[in-house]
Amino acid sequence: TSVRQTAPITVHSENTRYTPEHIISKFSNRGADVVKGPNGELNVIPTVKPYEFQTEVKVQKTGLMMIGLGGNNGSTLCATILANRHGITWRTKSGLQTPNYIGSLLRASTVRLGTDPTTLKDVHVPISNILPMVHPNDLVLGGWDISGLPMDEAMVRAEVLDWDLQRQVMPLMKDLGKPLPSIYYPDFIAANQEARADNLISGSDKLAHLEHIRADIRKFKAEHDLDRVVVFWTANTERYSDIIAGVNDTADNLLAAIKDSHSEVSPSTVFAVASILENAPFVNGAPQNTFVPGVIDLAERHNSFIGGDDLKSGQTKLKSVLAEFLVNAGIKPLSIASYNHLGNNDGYNLSQEAQFKSKEISKSSVVDDMVESNRLLYKPPTASAVAAGSKVDKKAAKGEHPDHIVVIKYVPAVGDSKRAIDEYHSEILMGGRSTINIFNECEDSLLATPLILDLVILTELLTRIQYRPVTEQSGDFKPLYPVLSLLSYMLKAPLVKPGTDVVNSLNRQRNALETFLKACVGLEGSSDLLLETRIW
Ligand code: NAI
Ligand code: DG6
């Protein structure tokens with residue numbers, strides 16, 4: 001196999017047209033309608049729906065405004081970009097280290113394009129070669145933090161990067177200055193964070209806060225002459241907001257609740273609303289329910305992009321592979337027990353019950369669709385349990401499910417280097433048992449940082465892609481649906497279009513993304529059929 005490093009690709013096909021401004025492609029979306037007959041038999045009707053995609057080829061000058069800029073992820077991301085941008089190398093005990101973007105799907109992974117007809121070998125290209133994408137080195141960096149520590153000191157506080165790198169990148173970090181003041185409603189994050197909160201927008205009027213954040217976004221955009229600003233929540237995990245009819249259930253109610261400074265409107269929701277009103281895509285890297293129904297309603301109304309929730313960096317990423325592997329292999333996980341301990345400020349914040357709860361929810365949902373997909377292994381919910389609804393017996397209404405627990409403990413001594421321990425206990429043939437134990441040790445922020453970059457780069461790209469169904473009156477191209485579920489690969493609890501299924505499987509998520517990118521240049525999705533290798 002070969003990997004081409006830099007050259008972009010050109011597709012020669014009647015399905016693909018290149019103009020100076022756009023790549024226009026034709027794509028047939030193939031599926032199947034499955035209709036249950038009167039006796040329970042399934043009738044399958046293959047479907048083909050033709051679409052056109054139009055991608056603007058000019059990459060936008062993009063700013064990334066992070067909420068939580070001075071935290072471990074925020075400061076590590078800034079230092080990583082600056083080190084890459086300036087080619088800073090540093091000494092470690094193992095030798096000279098060069099900067100890179102390892103761990104980024106978009107900067108460090110490849111896709112199979114096809115086969116070289118002369119050698120009959122596969123040809124792979126960097127995924128970033130399929131369509132024009134922002135290079136992380138070109139992102140303009142900024143954002144907010146309730147802690148006013150300047151960015152060079154924030155990097156030191158994080159204790160993530162090697163000292164020789166910190167030392168060299170320090171002046172560049174200093175130039176970033178200190179984060180913009182932010183909004184702090186103490187009830188939403190752990191009480192132990194109060195000592196950090198010294199950089200606050202004054203007052204308690206939530207509408208004034210909303211307007212302040214909107215003005216910050218506009219100012220940042222104008223000052224740096226940006227085409228696009230992506231706003232990213234990498235601040236502390238908040239507690240869940242209660243969903244209250246008349247408060248946050250519709251766009252109008254939410255806007256009114258902000259006007260009334262209602263206590264159940266969280267800082268992250270204020271940021272999301274501000275971003276939507278500024279037409280700046282907003283991505284939530286933490287687990288709380290920032291996207292209350294009113295936010296989704298508002299995003300639909302303004303056609304403004306949102307994505308979330310919670311970066312899928314380590315333990316959960318592995319789970320979204322392993323649980324699928326087991327279930328698809330016909331093996332039945334009976335229990336999954338996941339423990340982790342860490343000693344960074346994220347761990348400190350999560351040591352309070354309400355914030356842990358948000359994380360527990362996003363870490364727990366990840367096997368649901370695998371279980372749901374295999375009712376040979378797991379008994380479906382009984383008709384009576386479904387009729388009774390979750391009020392009577394939540395477990396029965398869900399159907400059979402493996403026991404699944406998530407434990408997080410704060411252990412300051414290990415700092416950012418998280419320890420994750422997982423036990424997968426499964427039933428195998430004839431009542432046998434198989435237990436897989438995993439112990440993973442890793443700097444949390446070094447896993448999270450490339451995911452933030454992927455989310456931002458992909459989001460910027462998705463703002464440049466439009467589609468239209470091919471019909472007799474095809475009409476104009478229009479933007480994608482505002483909830484960007486194509487971001488799912490990097491997220492623990494993917495937000496999807498209401499009423500549609502969540503896909504947690506990492507492989508399916510990657511496949512969806514790869515197929516989509518290829519569709520935008522008129523290529524078929526990845527087929528591992530390789531028919532030519534199986535026939536005479
Ligand atoms: P951190 O605690 O080091 O950084 C969070 C920053 O947010 C702090 O500097 C804090 O002062 C700031 N902050 C809190 N409330 C704020 C507000 N209302 N406005 C502006 N700034 C505010 O945490 P870290 O490790 O950087 O993680 C950030 C978030 O990402 C957490 O919610 C964490 O759960 C989530 N996450 C982290 C992953 C990782 O591997 N590091 C993976 C998945 C999610
Ligand atoms: C402890 O669980 C801290 C969390 O912020 C996680 O590090 C983070 O959510 C990553 O989770 P996971 O399950 O993808 O490793």
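The first residue of the sequence shown is numbered 1, and numbering continues consecutively from there. First listed ligand is number 1; within each ligand, the first listed atom is number 1.
Checked against a 3.5 angstrom limit, the closest N/O atoms of Lys492 and ligand 1 fall outside it. Considering backbone and side-chain atoms alike, Gln193 places every N or O at 3.5 Å or more from each N or O of ligand 1. Between Gly314 and ligand 2, at least one N/O pair is under 3.5 Å apart. Checking only distances, Lys317 never comes within under 3.5 Å of ligand 2, N or O to N or O. Residue Trp233 has no nitrogen or oxygen atom sitting less than 3.5 Å from a nitrogen or oxygen atom of ligand 1, judged on distance alone.
Atom 6 (C) of ligand 2 has as its closest protein heavy atom Lys418 NZ, 3.5 Å. Looking only at heavy atoms of the protein, atom 7 (O) of ligand 2 is closest to Asp444 OD2, 2.6 Å. Counting only heavy atoms of the protein, atom 18 (N) of ligand 1 lies nearest to Ile183 O, 2.8 Å. For atom 8 (C) of ligand 1, the closest heavy atom belonging to the protein is Arg196 NH2, 3.4 Å.
Using a 4.0 Å cut-off between charged nitrogen and carboxylate oxygen, Glu460 and Lys61 do not count as a salt-bridge pair. Using a 4.0 Å cut-off between a side-chain N of Lys or Arg and a carboxylate O of Asp or Glu, Asp198 and Lys178 do not qualify as a salt bridge. Salt-bridge formation is detected for the pair Asp310/Lys359: a Lys NZ or Arg NE/NH1/NH2 atom is positioned less than 4.0 Å from an Asp or Glu carboxylate oxygen. Salt-bridge annotation for Arg91 and Asp164: absent, with no side-chain N of the basic residue lying under 4.0 Å from a carboxylate O of the acidic one.
The closest approach between any non-hydrogen atom of Lys359 and ligand 1 is below 4.0 Å. At least one heavy atom of Thr234 sits under 4.0 Å from some atom of ligand 1. Within the 4.0 Å heavy-atom shell around ligand 2 one finds Ser313. Proximity of Tyr348 to ligand 1 is not established, as no heavy-atom distance is less than 4.0 Å. The shell of residues lying under 4.0 angstrom from ligand 1, judged by heavy atoms, includes Asp145.
No part of Thr237 comes within 4.0 Å of ligand 2, judged by heavy-atom distances.
Residues Asp297 and Thr250 have side chains that never bring a donor and an acceptor to within less than 3.5 angstrom of each other. Defined by atom type and a distance below 3.5 Å, a donor-acceptor pair is missing between the side-chain atoms of Asp162 and Gln97. A side-chain donor-acceptor contact under 3.5 Å links Tyr481 and Glu300. A side-chain donor-acceptor contact under 3.5 Å links Glu238 and Ser268. Using modelled atom types and a 3.5 Å distance limit, the side chains of Thr290 and Gln288 yield a donor-acceptor pair. Between the side chains of Asp369 and Asn504, at least one donor N or O lies within less than 3.5 Å of an accepting N or O. Between the side chains of Ser488 and Ser485, not a single donor N or O lies within less than 3.5 Å of an accepting N or O. A donor atom on one side chain and an acceptor atom on the other are found under 3.5 Å apart for Gln193 and Asn345. A side-chain donor from one of Ser338 and Lys319 sits under 3.5 Å from a side-chain acceptor of the other.
Of the candidates Asp346, Thr449, Asp309, Asn284, it is Asp346 that places a heavy atom closest to atom 23 (O) of ligand 1. Within the set Gln315, Lys363, Lys492, the minimum heavy-atom distance to atom 8 (C) of ligand 2 is found for Lys492. Evaluated by nearest non-hydrogen atom to atom 29 (C) of ligand 1, the leading choice among Gly285, Ala235, Gly143, Ala286 is Ala235. Nearest to atom 1 (C) of ligand 2 by heavy atom, out of Asn236, Asn340, Leu491, Asp422, is Asn340. Selection from Asn349, Asn236, Asn73 by nearest heavy atom to atom 24 (P) of ligand 1 gives Asn73.
Below 4.0 Å from some heavy atom of Gly68 lie the following atoms of ligand 1, by number and element: 6 (C), 7 (O), 12 (C), 20 (C), 21 (N). Less than 4.0 angstrom separates some heavy atom of Leu311 from each of these atoms of ligand 1: 42 (C), 43 (C), 44 (C). Numbered from 1 in the order shown, with element, the atoms of ligand 1 that lie under 4.0 Å from a heavy atom of Ser182 read 17 (C), 19 (N), 20 (C). Which parts of ligand 1 touch Ser313 is read off a 4.0 Å heavy-atom cut-off, strictly below it: atoms 40 (O), 42 (C). For ligand 1, the atoms closer than 4.0 angstrom to any heavy atom of Asn72 are 1 (P), 3 (O), 4 (O), 25 (O), 26 (O). Of all the atoms in ligand 1, the ones that sit under 4.0 Å from a non-hydrogen atom of Ile67 are 19 (N), 20 (C). Within ligand 1, the atoms closer than 4.0 Å to a non-hydrogen atom of Asp310 are 43 (C), 44 (C), numbered from 1 in the order shown. Taking every heavy atom of Gly70 and a limit of under 4.0 angstrom, the matching atoms of ligand 1 come to 9 (O).
Both the sub-6.0 Å distance and the 45° axial angle are not jointly satisfied by Lys409 relative to the ring of Tyr339.
When Leu451, Leu461, Val230 are each tested for a side chain to side chain contact (heavy atoms under 4.5 Å, CB included) with Val456, only one passes: Val230.
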